[in-house]
Amino acid sequence: QVQLVESGGGLVQAGGSLRLSCAASGRTLNSYAMGWFRQAPGKERLFVAAIWWTAGDTFYADSVKGRFTISRDIAKNTVYLQMNSLKPEDTAVYYCAAGVAAISDPRMYAHWGQGTQVTVSS
């Protein structure tokens, strides 16, 4: 079993930056892909970014390419999401997930964190 705990959310003005962290525990992540998803009120959960834990290959939703960067610190068992040039439409609860493939389908991710709120004011 993998336990995931997100942190780093908050309130920021448009154009600002935030860095989300996701600390993992419970088992090795060597066979996992790690993803970030977000969900705005009344909307479906959407893919943001993913990274293969071992190889480090990254994937992004078109809406965040060039603004967000996913990375991982293997020694700390932690995944990060650096968010720059934030827009009001980035406002959502952001979830970290561990799964079998670094793809956009949330059904491929078996382990989820509790989420952290990101609010971008205009």
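Note that this is a predicted model, so its numbers are computed, not measured. The first residue of the sequence shown is numbered 1, and numbering continues consecutively from there.
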**OP:** Applying side chain to side chain contact (heavy atoms under 4.5 Å, CB included), run through R67 and D90 and close with a yes or a no.
**Re:** CA-CA 11 Å; R67 300 189 299 124; D90 294 318; 2.8 Å; yes
Original post:
Is the CD atom of Q13 crowded by more than 12 outside heavy atoms at less than 6.0 Å?
Top reply: no
Residue pair [X] / [Y]: nearest heavy atoms and the distance that separates them:
X   : Y    : answer
Q1  : R27  : O-CG, 3.6 Å
L4  : A24  : CD2-CB, 3.6 Å
P88 : S122 : CG-CB, 3.8 Å
A98 : V2   : CB-CG1, 4.4 Å
A92 : A40  : CB-N, 3.9 Å
S21 : T78  : CB-CG2, 4.2 Å

Answer with yes or no whether the hydrophobic clustering places [X] together with [Y]; edges join I, L, V, M, F, W, Y residues whose side-chain heavy atoms lie under 4.5 Å apart.
X   : Y    : answer
F47 : I103 : yes
M34 : I74  : yes
L29 : Y80  : no
L18 : V93  : no
F59 : Y95  : yes

Original post:
Nearest 0.5 Å, what's the CG-CD distance between L20 and Q82?
Top reply: 9.0 Å
Original post:
What distance do T119 atom OG1 and L11 atom CG have between them, rounded to the nearest 0.5 Å?
Top reply: 6.0 Å
Original post:
Relative to each other, are the rings of Y94 and F68 parallel, tilted or perpendicular (30° and 60° limits)?
Top reply: tilted
Is [Y] close to [X] at the side-chain level, that is, under 4.5 Å between some pair of heavy atoms?
X    : Y    : value
V79  : W53  : yes
W112 : R45  : yes
E6   : Q114 : yes
R38  : L81  : no

Subject >> Ion pair check, K65 and D62, cut-off under 4.0 Å >> reply: yes
**OP:** Could you tell me if the ring centre of F37 sits under 6.0 Å from that of Y109?
**Re:** yes
Subject >> N/O donor-acceptor pair under 3.5 Å between T91 side chain and V120 backbone >> reply: yes
